Protein chains: 2
Amino acid sequence: MNDPALTASSHRRIRQSNEVAALRALHQFGRLSRAELARKLRLNRSSSGHIIASLTADGLVREAIEDSPEQPGYARVGRPGIMLELVPDAIFFLGVEIGVEHISTVEIDLGTNIVSTNVEPFDGPSISVEAAVDRAVNMALQSIPASKLERCEGFGVSTPAQMDKHGLVRLAPLLGWRNVHLAELVRNALPLRVPVLAENDANAFAIGATYGRSEVHSGVTLFLVMESGIGGGIIIDGSLFRGANGLAGEIGHLIISDAPGPRRNLEQLIGLENIMGEYRKTSTLDHPTFGNFLADVQDRLPSAVSIAEQWAKALAMGLVQACRIIDADQIVLGGSVAALYPLMAARVAAHIHATQESSFPVPSITVNDEGTVGSAFGAACMLHQRYLSLESQRFAGEAAELEEPEEDEG
Amino acid sequence: MNDPALTASSHRRIRQSNEVAALRALHQFGRLSRAELARKLRLNRSSSGHIIASLTADGLVREAIEDSPEQPGYARVGRPGIMLELVPDAIFFLGVEIGVEHISTVEIDLGTNIVSTNVEPFDGPSISVEAAVDRAVNMALQSIPASKLERCEGFGVSTPAQMDKHGLVRLAPLLGWRNVHLAELVRNALPLRVPVLAENDANAFAIGATYGRSEVHSGVTLFLVMESGIGGGIIIDGSLFRGANGLAGEIGHLIISDAPGPRRNLEQLIGLENIMGEYRKTSTLDHPTFGNFLADVQDRLPSAVSIAEQWAKALAMGLVQACRIIDADQIVLGGSVAALYPLMAARVAAHIHATQESSFPVPSITVNDEGTVGSAFGAACMLHQRYLSLESQRFAGEAAELEEPEEDEG
DNA sequence: GGTGTTTGTAGTTTAATGCAACATATTAAC
DNA sequence: GTTAATATGTTGCATTAAACTACAAACACC
């Protein structure tokens with residue numbers, strides 16, 4: 001009932017908030033001295049020292065061994081600071097992606113470095129939620145020695161589903177799930193008591209691709225994951241915009257009716273299925289792959305180029321429509337189909353210019369080539385992000401006493 | 001260069017933040033006792049007392065005279081609290097809308113009550129920016145006695161233009177402006193040194209329509225202002241989402257190509273011009289008005305109903321497309337054309353259901369009927385909002401010493 | 001080697017919240 | 001009508017964490 005924005009700060013909260021800010025700064029900038037940290041946080045040098053002392057005592061921060069390659073450029077005058085860094089293996093986070101055809105798991109450390117990954121084929125539609133969760137949890141934990149387990153500080157799940165922010169899945173058409181509390185199931189399946197979050201796979205992908213970059217892009221980034229389906233995620237000023245039902249950015253269902261034929265949505269126009277369907281009609285190969293198609297486009301084979309041209313046009317149309325609503329200044333393409341974009345960038349740009357009114361700014365478009373674990377990595381990052389925030393369970397002692405009953409007055 | 005999110009809290013900041021939180025709580029809930037406030041802010045009763053004491057000393061808060069109509073419902077036991085309230089006329093804010101055909105001004109007080117308004121016809125396209133600003137400033141100030149002037153704490157401007165968050169106008173096609181620093185011009189034209197903000201008119205309208213409601217809607221609201229042009233604003237969890245260039249929600253430029261004929265955008269399909277253009281073709285009147293059209297629709301005159309039907313279809317299409325991207329759960333229609341919606345609500349709903357896949361949630365649609373000063377009111381609210389925040393100039397003593405030069409390390 | 005500059009630390013001060021106790025105002029109960 | 005119960009507002013004191021001041025240490029430059 002209380003607005004979180006209204007909550008006041010007590011003394012402990014200040015310290016917590018400052019410790020969190022220090023951890024975030026160290027994560028973002030890599031290495032900082034106490035004095036540099038103090039400047040970034042607008043704190044007094046001595047306060048910075050105190051905060052670092054308590055973080056060091058907790059084992060989260062340490063003084064870096066002096067192997068830093070003597071940062072080039074201008075020489076600094078005065079006593080050099082002692083560089084501080086996060087202790088990467090102080091804690092770790094796990095992320096899993098329960099996909100339609102595979103399950104991926106990722107372990108990341110406090111520095112959001114990928115420690116290990118694991119991908120296994122999986123037949124999503126034929127397996128129950130409970131079994132899928134069991135499988136995913138086991139995969140994620142199998143390589144972790146028991147002694148290390150207690151240093152786990154969070155478990156994230158991503159899956160192609162509409163879900164609310166509490167991890168309650170409304171619908172997962174590709175997996176046949178409906179109204180299952182995924183986060184709850186994972187919590188129960190885990191042999192540990194750690195924070196658990198669940199998120200749509202495209203949203204998780206978007207988080208993973210933007211999280212931990214030293215420059216937080218302050219603007220609007222539209223993230224597109226193009227495989228058979230077209231997923232999308234929106235990042236505003238560095239943090240995920242879920243929308244009212246976690247469906248924000250689901251651009252695949254935009255209706256693009258400029259195309260000839262019956263009304264089709266963007267997914268049906270630029271997804272892998274459509275490309276390969278068209279390509280099979282013209283290819284001379286028995287079992288043409290997307291790689292063959294790319295090669296043909298590169299070789300300027302007219303039939304392939306024509307398919308690619310239709311793709312570029314539909315993509316441009318979709319992006320323009322999306323930008324009219326969210327006014328993105330940055331678009332990042334991911335997924336296997338994104339490999340087509342570099343070949344067609346000029347055509348896409350031409351279609352964008354032709355489609356939208358000239359007074360509108362044109363967003364930058366880039367291709368992101370994470371591996372197949374991007375979504376699982378993003379799920380793990382969500383928990384890293386949470387750990388480096390005031391909702392962190394480091395401060396559970398305070399947070400636990402929330403939710404006391406309270407009467408409202410008319 | 002510093003992330004604001006990273007900035008640490010010092011002692012003064014705590015008090016500031018708590019005073020701000022107290023003011024916001026009083027604004028949101030109207031009247032609270034010290035003890036109620038303490039609960040809302042999760043503070044100790046005594047701390048709440050201290051904060052109120054200092055706000056009272058500043059003249060911003062007072063104990064309410066006991067004319068409260070004895071709140072009904074359950075009787076409370078124990079000593080009743082002394083109700084506190086904002087002092088409405090402690091300070092005031094001004095908002096102006098520089099429109100294409102009129103200039104509106106609004107004065108609001110600390111309780112966001114409208115104290116006075118003023119609307120004058122205006123021929124935007126034929127007047128220079130400087131002259132328009134002068135005119136607007138003079139209109140806003142004319143009714144304010146000099147003695148009261150120093151209690152002004154902010155001046156907001158709204159205008160149909162693309163502008164960044166600093167009030168730099170990129171383009172205002174309807175007014176013929178390009179690359180003018182509107183906020184700067186207003187600052188210079190004002191005889192006072194007060195915070196000045198400029199915002200797109202649709203965005204300002206959206207702020208005005210949602211600000212100060214006691215229940216902050218935590219979700220996504222899409223706001224449509226339908227006149228000749230179609231403006232739009234998006235409110236996320238109670239605060240405006242501008243997009244990268246302040247163009248978020250400019251849904252009027254969505255391309256709706258399902259409609260017969262050449263490719264047209266939403267504005268051309270559901271704007272006043274199109275409706276009246278079509279209506280004139282069929283109406284028997286010499287100078288038919290929009291009111292005539294509404295009456296004809298209400299009377300089920302086939303020619304008018306057919307126009308309205310096309311309108312409903314295009315509107316539904318636009319809303320569905322927008323919701324695929326921002327996942328709004330609430331849509332608010334404003335502007336004169338919104339009066340058509342109640343007559344066509346069922347048709348719009350039918351088209352929405354026909355257009356979008358059944359698995360997607362359907363947003364609620366409501367009509368907002370603010371007067372013509374909605375946008376100017378919103379501009380004033382922006383400054384009220386700013387005053388009740390940590391960026392407030394009440395704390396300028398601290399904020400002034402920001403922006404010291406700082407070197408980055410590679 | 002001296003000077004100047006920046007860093008890290010220790011001791012002291014300041015400010016704001018938390019806590020506990022108490023007077024006060026009202027309802028409920030006898 | 002008196003007493004008990006309950007919640008409010010206030011007061012003095014304790015606690016906490018950051019700011020401030022001063023100083024020794026480490027390095028660059030002359």
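Note that the structure is a prediction, hence the values are computed from the model and not measured. Below, all heavy atoms of this structure are taken into account, side chains as well, without hydrogens, waters or symmetry copies.
With respect to B:Leu94, the side chain to side chain contact (heavy atoms under 4.5 Å, CB included) criterion is satisfied by exactly one of B:Ile108, B:Ile144, B:Val115, B:Val106: B:Ile144.
The 12-atom threshold is exceeded at NE2 of B:His217, counting heavy atoms of other residues, nucleotides or ligands nearer than 6.0 Å.
To the nearest angstrom, C1' of D:dG9 lies 15 Å from CD1 of B:Ile51. If you take CD of A:Gln16 and P of D:dA17, they are 9 Å apart, rounded to a whole angstrom. The CD1 atom of A:Ile14 sits 12 Å away from the C1' atom of C:dG18 (whole-angstrom rounding). In this structure, CD of B:Glu19 is placed 13 Å from C1' of C:dT17, rounded to the nearest angstrom. In this structure, B:Leu43 places its CG atom 15 Å from P of D:dT8, rounding to the nearest Å. For the pair B:Leu37 CG and D:dG9 C1', the interatomic distance rounds to 13 Å; values are reported in whole Å.
Closest of all the heavy-atom pairs between B:Pro88 and B:Arg62 is CD-NH2, 3.5 Å.
Under a 4.0 Å N-O distance rule, the pair A:Glu19/A:Arg15 qualifies as a salt bridge.
For B:Tyr211, the ring-ring contact (aromatic ring centres under 6.0 Å, His included) partners are B:His27, B:His384, not counting sequence neighbours. With sequence neighbours excluded, the residues satisfying salt bridge (charged side-chain N to carboxylate O under 4.0 Å, His left out) with A:Lys148 are A:Glu107.
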## Note on the structure
With B for base contact, S for sugar-phosphate-only contact and - for none (protein heavy atoms under 4.0 Å), nucleotides 1-15 of chain C reads ----BBBBBB----B

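Taking 4.0 angstrom as the limit, A:Asn18 places none of its side-chain polar atoms (N or O) nearer than this to OP1 or OP2 of D:dA17. For the pair B:Ser47 and C:dA16, the criterion of a side-chain N or O lying under 4.0 Å from OP1 or OP2 is not met.
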